[in-house]
Enquirer: 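Supplied in structure tokens, the structure appears directly below.
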Amino acid sequence: LYFRFFSLSIGFPAVPVLLIAMVVPQMLAIYQEQFAIGWLGVGNTANKTEEDERHYKIYVGLACGAILLIIIQCVIFVFIVYRAGRKLHNKALYAMLRSPMRYFDTHPIGLIINRFSKDIFFMDELFPDVSFQFIKLFLLYLASVILVVVANYWFIIPLIALAALLI
């Protein structure tokens, strides 16, 4: 459902673009945290102030880059959701206008308008927020699983068993 919704916006490339836009800011934020850990772990040196100033500038640059990428991520997401919602609305309206006249004779117009507006509300208001949260959480869980497998490759065996149970 999510794949079809996002692929309606600009076609199939929307899905990889959206995934890249979701992953890259998170990777930069993780690198920023790792840089801070490395910076705090630096020992005492003679040029402590110069080195601290350089590290501070790099850290601020990484923070500004992460903020900029998150803004770009949101703009890309809003653009894709807007286009997909507009195309879905056009498809729904086209299907409604092409319905046989018997459908309109047997159903009250208020019921038709109520159902149509409810579906449009779901597409425009609720679905984008839910899909954004779904994608973020899915990528977070996927990163956690990858981290666990990298840390201890024996966890692949229970993961395969769990995947077999879920599929």
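Any value given below was found using the heavy atoms of this structure, including those in side chains, with hydrogens, waters and symmetry copies removed.
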Enquirer: Could you see if Y31 belongs to whatever hydrophobic cluster contains V60? Use Ile, Leu, Val, Met, Phe, Trp, Tyr and a side-chain cutoff under 4.5 Å.
Expert: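 Same cluster.
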Enquirer: Which heavy-atom pair separates I120 from H89 by the least distance, and what is that distance?
Expert: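 I120 and H89 have their closest heavy atoms at CD1-CD2, 3.1 Å.
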Enquirer: In this structure, are over 12 heavy atoms from other groups packed under 6.0 Å from M27 atom CE?
Expert: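 No, the 6.0 Å shell around CE holds no more than 12 heavy atoms from other groups.
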Enquirer: Could you grab the distance from atom CG of L62 to atom CG of L69, nearest 0.5 Å is fine?
Expert: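 With rounding to 0.5 Å, CG (L62) is 10.5 Å from CG (L69).
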Enquirer: Has Y56 got more than 12 heavy atoms of other residues, nucleotides or ligands less than 6.0 Å from its OH?
Expert: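 No, OH of Y56 has 12 or fewer neighbouring heavy atoms, counting only those of other groups under 6.0 Å.
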Enquirer: If you group Ile, Leu, Val, Met, Phe, Trp and Tyr by side-chain heavy-atom gaps below 4.5 Å, do V81 and I135 land in one group?
Expert: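 As far as the 4.5 Å side-chain criterion goes, I135 and V81 are connected within one cluster.
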Enquirer: Does the side chain of L97 reach to within under 4.5 Å of the side chain of L93, using non-hydrogen atoms?
Expert: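 In contact.
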Enquirer: Quick one: pull up CD in Q32 and CD1 in I67 and give me the separation to the nearest 0.5 Å.
Expert: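 With rounding to 0.5 Å, CD (Q32) is 8.0 Å from CD1 (I67).
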Enquirer: What distance separates N114 CG from I109 CD1, expressed to the nearest 0.5 Å?
Expert: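 Separation between the atoms: 11.5 Å.
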Enquirer: How long is the gap from OH on Y94 to NZ on K91, to the nearest 0.5 Å?
Expert: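 Answer rounded to 0.5 Å: 11.5 Å.
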Enquirer: With heavy-atom distances below 4.5 Å as the criterion, would you say the side chains of P128 and Y82 are in contact?
Expert: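 A side-chain contact is absent here, since even the closest heavy-atom pair is not under 4.5 Å.
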Enquirer: Is F155 atom CZ crowded by more than 12 heavy atoms from other residues, nucleotides or ligands, each under 6.0 Å away?
Expert: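 Incorrect, the count does not exceed 12.
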Enquirer: Excluding sequence neighbours, so at least two apart, what forms salt bridge (Lys or Arg N to Asp or Glu O under 4.0 Å) with R54?
Expert: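 Counting only residues at least two positions away or on another chain, R54 forms no salt bridge (Lys or Arg N to Asp or Glu O under 4.0 Å).
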Enquirer: Given the rule that I, L, V, M, F, W and Y join up when any side-chain heavy atoms are under 4.5 Å apart, are I112 and L88 in one cluster?
Expert: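 Per the 4.5 Å side-chain linkage, I112 and L88 are co-clustered.
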Enquirer: Is there a side-chain contact between Y141 and K136 in this structure, where contact means two heavy atoms from C-beta onward sitting under 4.5 Å apart?
Expert: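 No, side chains not in contact.
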Enquirer: How far apart are the C-alpha atoms of I76 and M22, what are their side-chain angles, what is the distance that settles it, and do they pass the side chain to side chain contact (heavy atoms under 4.5 Å, CB included) test?
Expert: CA-CA 10 Å; I76 289 172; M22 295 285 226; over 6 Å; no
Enquirer: Please determine whether residues I157 and V150 belong to a single hydrophobic cluster, defined as Ile, Leu, Val, Met, Phe, Trp and Tyr linked transitively by side-chain heavy-atom distances below 4.5 Å.
Expert: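 Shared cluster, no.
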Enquirer: Can you get from F79 to V23 by hopping between Ile, Leu, Val, Met, Phe, Trp and Tyr side chains that sit under 4.5 Å apart?
Expert: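 Shared cluster, yes.
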Enquirer: Nearest 0.5 Å, please: how far is CG in L159 from CD1 in I146?
Expert: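 Between I146 CD1 and L159 CG, I get 10.5 Å after rounding to 0.5 Å.
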Enquirer: Quick check on side-chain contact (heavy atoms from CB on, under 4.5 Å): which of V24, I30, L28 does Q26 satisfy it with?
Expert: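 So the option named by the test is I30.
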Enquirer: Where does the angle between the aromatic ring planes of F138 and F134 fall among parallel (under 30°), tilted (30 to 60°) and perpendicular (over 60°)?
Expert: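 It falls in the parallel class, under 30°.
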Enquirer: Are Y59 and H55 close enough that their ring centers fall under 6.0 Å?
Expert: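 They do not qualify: ring centres at least 6.0 Å apart.
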Enquirer: Check whether any side-chain heavy atom of F132 sits under 4.5 Å from a side-chain heavy atom of Q73, and report yes or no.
Expert: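 When only atoms from C-beta onward are counted, Q73 and F132 do touch, with a gap below 4.5 Å.
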Enquirer: Find the distance between OG (S131) and CG (L126) and round it off to the nearest 0.5 Å.
Expert: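 Nearest 0.5 Å value for the OG-CG distance: 10.5 Å.
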